[in-house]
There are 2 protein chains.
Amino acid sequence: MATLKDIATAVGVSVATVSNVLNDRPNVGRVIRQKVLRAANKMGYRPNRAAQAMRTGRTRAIGLVLPDLTNPFFPELAQAVENTARSLGLLVCLVDSQGRAEGEANGFALLMQHAVDGIIWCPVGPRLPPYLHSATRPVVLIDRPRPGFPVVHSDYVMGGHLLAAYALRMGHTHVGLLSGPQNLASARQRRDGFVEAFPRDIKVAWEVVVGFDGVLNAAALKALQRRGRATLIVAGNDLIAISAMRCLAEAGVRVPEDVSITGFDNIRWTDVVTPRLTTIAQPVGAIGAKAVQLMQQRLSGEKISGQRTIFDVTLIERDSVRRN
Amino acid sequence: MATLKDIATAVGVSVATVSNVLNDRPNVGRVIRQKVLRAANKMGYRPNRAAQAMRTGRTRAIGLVLPDLTNPFFPELAQAVENTARSLGLLVCLVDSQGRAEGEANGFALLMQHAVDGIIWCPVGPRLPPYLHSATRPVVLIDRPRPGFPVVHSDYVMGGHLLAAYALRMGHTHVGLLSGPQNLASARQRRDGFVEAFPRDIKVAWEVVVGFDGVLNAAALKALQRRGRATLIVAGNDLIAISAMRCLAEAGVRVPEDVSITGFDNIRWTDVVTPRLTTIAQPVGAIGAKAVQLMQQRLSGEKISGQRTIFDVTLIERDSVRRN
DNA sequence: TACGGACGGTGAAACGTTACACCACGCACA
DNA sequence: TGTGCGTGGTGTAACGTTTCACCGTCCGTA
């Protein structure tokens with residue numbers, strides 16, 4: 001690997017000058033500038049990140065801390081984050097906390113040790129881990145707001161509204177809710193948005209809270225079994241919806257003939273399952289990209305204007321809801 | 001952040017000694033060793049990776065280059081890689097090449113610039129990119145062997161055998177093949193393993209090659225439409241199988257009543273789709289973990305014994321194949 | 001008593017950058 | 001003639017580690 005010194009001696013100029021050229025700073029003449037550039041190019045010079053990091057304290061790497069790569073929402077996000085980061089010359093260091101606070105703390109320690117410039121983070125716990133405050137690096141949250149940190153996520157309330165309006169339009173007046181964990185704002189807002197946009201004379205027949213990972217607990221199973229008067233089941237996300245569909249199918253209940261169902265997220269599989277799932281699409285790619293852009297702004301010293309960046313969601317109408 | 005010097009002055013000892021203690025090297029007495037350890041602990045000392053990297057040339061970070069996080073096989077792999085790497089104190093730097101050679105080259109450049117200690121790689125192109133040879137860092141391949149590099153993957157031939165034996169046992173004598181891209185060894189071996197274990201008097205009614213991402217081309221669509229005499233469709237992976245099932249369902253063909261189908265990979269969704277998909281499970285987690293272990297061995301100077309590490313696969317019998 | 005070696009510890013160079021202070025020169029202007 | 005300034009460039013310290021050469025001291029042994 002060629003170093004600044006190599007180039008300097010090759011061109012016959014000082015190291016400082018080479019450095020100045022390469023970081024295009026002023027105070028170096030045209031001819032020398034050209035010579036240095038050419039030499040650097042020919043010798044295939046790449047700055048030694050370790051040395052740079054040591055001197056400047058910046059690594060041009062960012063951490064990405066995710067709770068569960070197994071949930072299809074996150075790989076898509078990771079892909080977007082990695083790709084836009086790379087286009088900005090930023091390396092992405094991945095931590096999958098597997099939904100455990102311990103793994104998260106662990107991953108953070110590792111990231112801090114490697115002195116990443118910033119962290120894009122989708123927190124697992126309900127509260128901020130204390131070590132975060134000691135993090136000297138900027139943090140951008142994804143999907144799960146916490147006081148004091150910038151966050152980018154979808155307009156979940158809007159999603160709930162959209163769903164409610166659609167349910168009404170399709171003539172459903174009794175719904176069952178298979179909500180996600182209510183300590184997660186994303187789950188709560190979907191639910192509240194839905195309920196809030198639903199007229200008073202229309203009933204939530206029942207509601208069960210389950211995990212976002214789509215494994216159904218006993219209460220959920222029972223609720224699905226005797227569905228009460230619900231003609232529509234509104235699931236907290238697609239994983240839940242698909243699990244529910246599978247569960248219903250096994251009980252011989254047909255979707256959407258016997259009961260309708262909606263999801264949330266528009267993961268790839270909603271389009272491939274039978275019947276195809278009506279759901280809310282969030283712009284995952286845009287969210288990931290935006291998070292990186294925000295980070296980049298913070299890294300280059302700009303103050304981030306708004307603390308929250310919220311993306312519109314859209315209703316994807318497919319085959320899992322029938323007119324009632 | 002506390003440095004060696006801080007500890008040294010606190011304890012009243014030289015920097016060198018502190019360094020010696022912390023890397024537990026000999027030639028330092030018990031009392032001082034204790035003092036230093038205690039001080040380091042109290043001050044929350046973490047070695048500055050940049051400085052270490054600069055001095056030693058090692059970063060304790062590894063690259064993970066994947067072709068497509070959107071394919072559920074890879075997130076699972078990434079999760080395993082990240083977790084076992086972290087347990088070894090290794091940071092994982094992610095690159096998603098999006099299946100493009102250009103992205104791959106790009107990502108490699110970034111990784112080399114950051115001087116990762118090694119790269120775990122699932123190559124997209126059929127051949128080795130030239131820049132790889134100039135990579136001064138060890139490479140461990142996953143899933144896709146290339147001459148000259150250690151690789152870990154599943155026994156795809158065995159998978160084919162298992163499927164063939166099962167097909168026979170279930171009385172299927174005419175099969176349609178929806179094979180994956182034949183330039184990928186993983187796809188080719190599944191197919192060849194299947195065909196090879198299939199007795200002569202039994203026919204492959206038709207075969208179409210499609211991508212592993214599960215989008216079906218015109219030929220595949222046509223083949224599915226008139227299925228010839230095939231009573232069983234053997235898909236190259238689960239994505240393909242599920243897409244095919246959806247396609248069949250839309251045409252009013254019932255699975256498995258009218259035609260049976262098998263997948264490969266046992267991704268999460270095989271269990272949730274209707275009917276549940278009979279498939280081959282590969283031990284993804286074990287593969288990821290093994291790749292990291294191999295890397296770790298190489299990093300600590302051991303020569304890797306075998307170039308290939310191959311894992312057994314198992315048949316997961318579910319509902320998508322019926323006795324014929 | 002003298003010598004060799006183990007033990008416990010120190011000083012300082014080096015890794016590749018960056019950034020600050022400094023310098024020399026030429027030119028305009030009073 | 002001297003002052004001031006802009007232009008183009010250099011020398012070097014510093015970042016936090018690791019590592020190598022070196023140095024006392026003490027003990028056992030010849």
Side-chain angles (χ1 to χ4, degrees), chain A residues 1-37 39-40 43-61 89 112-117 136-137 299-301, chain B residues 1-37 39-40 43-61 89 112-117 136-137 299-301:
Chain A
M1 264 294 161
T3 76
L4 284 191
K5 182 147 58 168
D6 297 339
I7 300 180
T9 58
V11 178
V13 84
S14 82
V15 190
T17 299
V18 178
S19 173
N20 284 335
V21 170
L22 263 20
N23 300 15
D24 44 32
R25 270 186 282 269
N27 284 348
V28 34
R30 283 202 345 142
V31 280
I32 289 201
R33 185 176 293 273
Q34 284 305 319
K35 276 194 193 174
V36 168
L37 250 22
M43 305 171 74
Y45 171 77
R46 302 271 162 229
N48 179 326
R49 291 285 182 209
Q52 278 183 323
M54 161 135 220
R55 192 65 242 266
T56 63
R58 344 217 58 176
T59 50
R60 303 208 50 75
M112 295 315 294
Q113 215 171 111
H114 280 265
V116 293
D117 287 344
T136 42
R137 309 298 174 140
L299 292 184
S300 53
Chain B
M1 263 294 157
T3 76
L4 283 191
K5 182 146 57 166
D6 297 339
I7 300 180
T9 57
V11 178
V13 85
S14 81
V15 188
T17 299
V18 178
S19 173
N20 284 334
V21 170
L22 263 20
N23 300 17
D24 44 33
R25 270 185 283 268
N27 284 348
V28 34
R30 283 201 344 143
V31 280
I32 288 201
R33 185 175 295 272
Q34 284 306 319
K35 277 193 193 174
V36 168
L37 250 21
M43 307 174 71
Y45 171 77
R46 303 272 161 226
N48 178 326
R49 292 287 183 208
Q52 279 183 323
M54 161 137 220
R55 191 66 240 268
T56 64
R58 343 218 61 174
T59 50
R60 304 210 48 77
M112 294 316 293
Q113 218 171 107
H114 281 264
V116 292
D117 286 344
T136 42
R137 308 298 175 139
L299 292 183
S300 53

Contacts of type side-chain contact (heavy atoms from CB on, under 4.5 Å), residue [X], not counting sequence neighbours:
| X | result |
| --- | --- |
| Arg46(A) | Met1(A), Gln113(B) |
| Ala61(A) | Thr59(A), Leu91(A), Cys93(A), Val116(A), His114(B) |
| Arg25(B) | Ser19(B), Asn20(B), Asn23(B) |

Return the value, rounded to whole Å, for the distance between atom [atom1] of [X] and atom [atom2] of [N].
| X | N | atom1 | atom2 | answer |
| --- | --- | --- | --- | --- |
| Met1(A) | dT17(C) | CE | P | 10 Å |
| Gln52(A) | dT17(C) | CD | P | 7 Å |
| Asn48(A) | dT17(D) | CG | P | 17 Å |
| Leu4(A) | dA19(C) | CG | P | 12 Å |
| Lys5(B) | dT10(C) | NZ | C1' | 15 Å |
| Arg49(A) | dC15(C) | CZ | P | 21 Å |
| Arg58(A) | dA19(C) | CZ | P | 11 Å |
| Lys35(A) | dG9(D) | NZ | P | 10 Å |

Per Ile32(A) side chain, nearest of listed nucleotides dG9(D), dG16(C), dG11(C): dG9(D)

Candidates dG16(D), dT17(C), dT10(D) - which lies nearest the side chain of Val13(A): dT10(D)

Those residues of residues 15-30 of chain A lying under 4.0 Å from DNA chain D by at least one heavy atom: Ala16(A), Thr17(A), Asn27(A), Val28(A), Gly29(A)

N/O to N/O distances under 3.5 Å, protein versus nucleotides 4-6 of chain C:
none

Separation of Leu37(B) CG from Asp24(B) CG (nearest 0.5 Å): 8.5 Å

Minimum side-chain heavy-atom gap Asp117(B)-Arg137(B) below 4.5 Å: yes

Student check: side-chain heavy atoms of Leu22(A) and Tyr45(A) closer than 4.5 Å: yes

Distance test, side-chain N/O of Ser14(A) to OP1/OP2 of dT10(D), below 4.0 Å: yes

Identify all side-chain donor-acceptor contacts of residues 4-15 of chain B below 3.5 Å with residues at least two apart in sequence or on another chain.
from	atom 1	to	atom 2	distance (Å)
Asp6(B)	OD2	Thr3(B)	N	3.0
Thr9(B)	OG1	Lys5(B)	O	3.3
Thr9(B)	OG1	Asp6(B)	O	2.9
Ser14(B)	OG	Ala16(B)	N	3.4
Ser14(B)	OG	Thr17(B)	N	3.2
Ser14(B)	OG	Thr17(B)	OG1	3.1

Chi angles and distances behind the side chain to side chain contact (heavy atoms under 4.5 Å, CB included) call for Gln52(B), Arg58(B): CA-CA 7 Å; Gln52(B) 279 183 323; Arg58(B) 343 218 61 174; over 6 Å; no

